[in-house]
Amino acid sequence: MLYQAKSFIKFVLLSKNSHGVHSPFVYHLVSKCFYDKRVYPEYSILKNYREKLLTDDQFLEITDFGQGSRVFKTNKRKVSGIAKNAGITAKRQRLLFRLVRYFMPSEVLELGTSLGLATAAMALGNTSAAIKTVEGCPNTAKKAKEMLEAFHLKNIQLYAQTFETFFSENKGENYQFVYIDGNHNKEKTLQYFEILLERVENNSVLIFDDIYWSKPMSEAWQEIIAHKKVTVSIDVFYWGIVFFRKEQQKEHFTIRL
């Protein structure tokens with residue numbers, strides 16, 4: 001936690017808003033998507049989805065393939081507790097919805113479904129997109145599937161398996177939008193990045209969650225943005241976002257939201 005606090009202070013000192021951005025591509029993204037203050041009807045659906053989870057007293061036995069939890073002491077966890085302490089926040093959920101709405105990707109991949117809070121946001125952002133979401137814990141995946149079906153989100157295919165198994169069984173597929181929130185481990189993050197490099201296109205977007213989770217995760221982020229195929233990278237503290245647009249010069253931005 002001390003590392004995250006120090007990292008946040010440094011982030012605040014370095015960050016800019018849209019007025020400090022000189023790239024037309026990034027300026028438009030920040031001003032028209034990041035700072036979009038409109039209240040979309042889909043926000044009500046996302047709110048209802050969250051509230052239903054927050055009142056769910058069911059216990060799940062969690063199989064954790066990642067770095068574990070800083071909140072939960074056991075693997076037997078209440079659904080409401082997972083939604084409150086481990087799920088994507090309402091603010092980030094709305095931003096994820098806006099990002100998908102802004103870029104309108106046709107093929108979306110999520111690594112780390114959890115209870116489906118982020119999945120629902122992306123599904124509503126573009127109801128025509130084919131969304132594949134992967135969750136290693138079978139009990140969590142089952143709960144997410146129940147929730148997504150209850151809210152009639154039809155454009156989602158959920159895979160209850162490890163990320164490695166998913167990649168080995170789904171080769172040759174490209175993605176325009178990828179949200180990675182499942183394993184806050186440096187080596188695993190870089191492994192998934194290398195795999196995804198073969199499955200992205202010029203206009204693809206990759207979002208890495210919790211890039212300041214730990215010093216090793218921040219090191220992974222630095223290696224990712226230094227990669228020769230990454231042209232534009234954006235640090236918003238809780239996420240790291242990268243693009244592969246060959247028409248853009250290599251630039252890095254630190255944006256406060």
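Values below: all heavy atoms of this structure, side chains included; hydrogens, waters and symmetry mates excluded.
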List the steps and the verdict of salt bridge (Lys or Arg N to Asp or Glu O under 4.0 Å) for Lys78 and Asp56. CA-CA 8 Å; Lys78 192 180 290 188; Asp56 192 327; over 6 Å; no
Gap separating the CD1 atom of Ile234 from the CD1 atom of Ile225, nearest 0.5 angstrom: 11.5 Å
So CZ of Phe244 and OG of Ser233: to nearest 0.5 Å the spacing works out to 10.5 Å
For Tyr212, does its backbone N or O pair with a side-chain atom of Asp210 as donor and acceptor, under 3.5 Å? no
Kindly say whether the aromatic ring centers of Phe25 and Phe243 come within a distance under 6.0 Å. yes
Would you confirm whether Glu135, through its side chain, and Ala141, through its main-chain N or O, come within 3.5 Å as a donor-acceptor pair? no
Examine Val21 and Leu14 and state if one hydrophobic cluster contains both, with Ile, Leu, Val, Met, Phe, Trp and Tyr joined whenever side-chain heavy atoms are less than 4.5 Å apart. no
How are the rings of Phe193 and His227 set relative to one another: parallel (under 30°), tilted (30 to 60°) or perpendicular (over 60°)? perpendicular
Is it true that Asn174 and Glu198 share a donor-acceptor pair across their side chains at a distance under 3.5 Å? no
Step-by-step side chain to side chain contact (heavy atoms under 4.5 Å, CB included) determination, Phe103 to Leu29: CA-CA 9 Å; Phe103 288 110; Leu29 171 62; 3.8 Å; yes
What are the two closest non-hydrogen atoms of Pro138 and Thr63, and how far apart are they? CD-OG1, 4.2 Å
Do Lys76 and Phe59 meet the cation-pi criteria used here (NZ or CZ under 6.0 Å from the six-membered ring centre, within 45° of the axis)? yes
Anything under 3.5 Å between a donor and an acceptor, one on a side chain of residues 88-97, the other on a protein residue two or more places apart or in another chain? List them.
residue, atom, partner, partner atom, Å
Thr89, OG1, Arg92, N, 3.2
Gln93, OE1, Arg50, NH2, 3.0
Gln93, NE2, Leu117, O, 2.9

Do the side chains of Tyr3 and Leu13 join up, straight or via other hydrophobic residues, at under 4.5 Å, putting them in one cluster? no
Do any N or O atoms from the side chain of Thr231 and from the backbone of Arg245 form a donor-acceptor pair under 3.5 angstrom? yes
Of the non-hydrogen atoms in Gln176 and Pro105, which two are nearest, and what is the gap between them? CB-CB, 3.6 Å
Closest heavy-atom pair and its distance - Ser114, Ile82: OG-CG2, 4.1 Å
Would you find more than 12 non-hydrogen atoms of other residues, nucleotides or ligands less than 6.0 Å from Lys32 atom NZ? no
Spacing of SG belonging to Cys137 relative to CD1 belonging to Ile62, to within rounding of 0.5 Å: 4.5 Å
Is it true that a side-chain atom of Arg77 and a backbone atom of Leu60 form a donor plus acceptor pair closer than 3.5 Å? no
Would the distance check show the side chain of Gln248 and the main-chain N or O of Val232 forming a donor-acceptor pair, the cut-off being under 3.5 Å? no
If we ignore angles and hydrogens, is there a donor and acceptor under 3.5 Å between the side chains of Tyr43 and Asn48? no
Can you tell me how far the CE atom of Met104 sits from the CG atom of Asn126, to the nearest 0.5 Å? 3.5 Å
Would you say the side-chain atoms of Arg199 pair up with the backbone N or O of Phe167, donor to acceptor, closer than 3.5 Å? yes
Heavy-atom closest contact (Leu197 atom, Val200 atom, distance): O-CG2, 3.6 Å
Expected list for residues 146-154: side-chain donor-acceptor pairs under 3.5 angstrom, two or more places apart:
residue, atom, partner, partner atom, Å
Glu149, OE2, Lys145, NZ, 2.6

Which atom names give the shortest non-hydrogen contact between Tyr35 and Lys16, and what distance separates them? OH-O, 4.2 Å
Give a yes or no on whether the backbone of Lys246 and the side-chain of Asn202 come within a donor-acceptor separation of less than 3.5 Å. yes
Under 3.5 Å, is there a donor on one side chain and an acceptor on the other for Thr165 and Ser168? no
Run the numbers on Leu115 and Val79 for side chain to side chain contact (heavy atoms under 4.5 Å, CB included), then give the verdict. CA-CA 8 Å; Leu115 297 172; Val79 169; 4.1 Å; yes
Thr189 versus Asn183: any side-chain heavy-atom pair under 4.5 Å? no
Over all atoms of both residues, closest heavy-atom pair of Gln161 and Phe166: OE1-CA, 3.2 Å
Say whether Tyr40 and Arg101, considering side chains only, have a donor N or O and an acceptor N or O under 3.5 Å apart. yes
Check step by step if ring pair (Phe, Tyr, Trp, His ring centres under 6.0 Å) holds for Tyr192 and Phe163. CA-CA 8 Å; Tyr192 304 146; Phe163 302 163; 5.4 Å; yes
Say whether His28 and Tyr102, considering side chains only, have a donor N or O and an acceptor N or O under 3.5 Å apart. yes
Between atom CD of Glu42 and atom OG1 of Thr127, what is the distance when rounded to the nearest 0.5 Å? 8.5 Å
Between atom NZ of Lys229 and atom CD1 of Ile224, what is the distance when rounded to the nearest 0.5 Å? 14.0 Å
Qualifying residue, where the test is side-chain contact (heavy atoms from CB on, under 4.5 Å) with Trp239 and the options are Asp209, Ile180, Ile211, Asp181: Asp209
Less than 4.5 Å apart, any side-chain heavy atom of Tyr159 and any of Leu109? no
Under the 3.5 angstrom rule, does the side chain of Ser204 hit a backbone N or O of Tyr175 as a donor-acceptor pair? yes
Tyr179 side chain near Thr133 side chain, heavy-atom distance below 4.5 Å: no
Considering only residues two or more places apart or on different chains, which pairs with a residue in residues 159-168 satisfy salt bridge (Lys or Arg N to Asp or Glu O under 4.0 Å)? Glu164-Lys188
Partner of Lys132 by side chain to side chain donor-acceptor pair (under 3.5 Å), out of Gln157, Glu107, Glu110, Glu173: Glu173
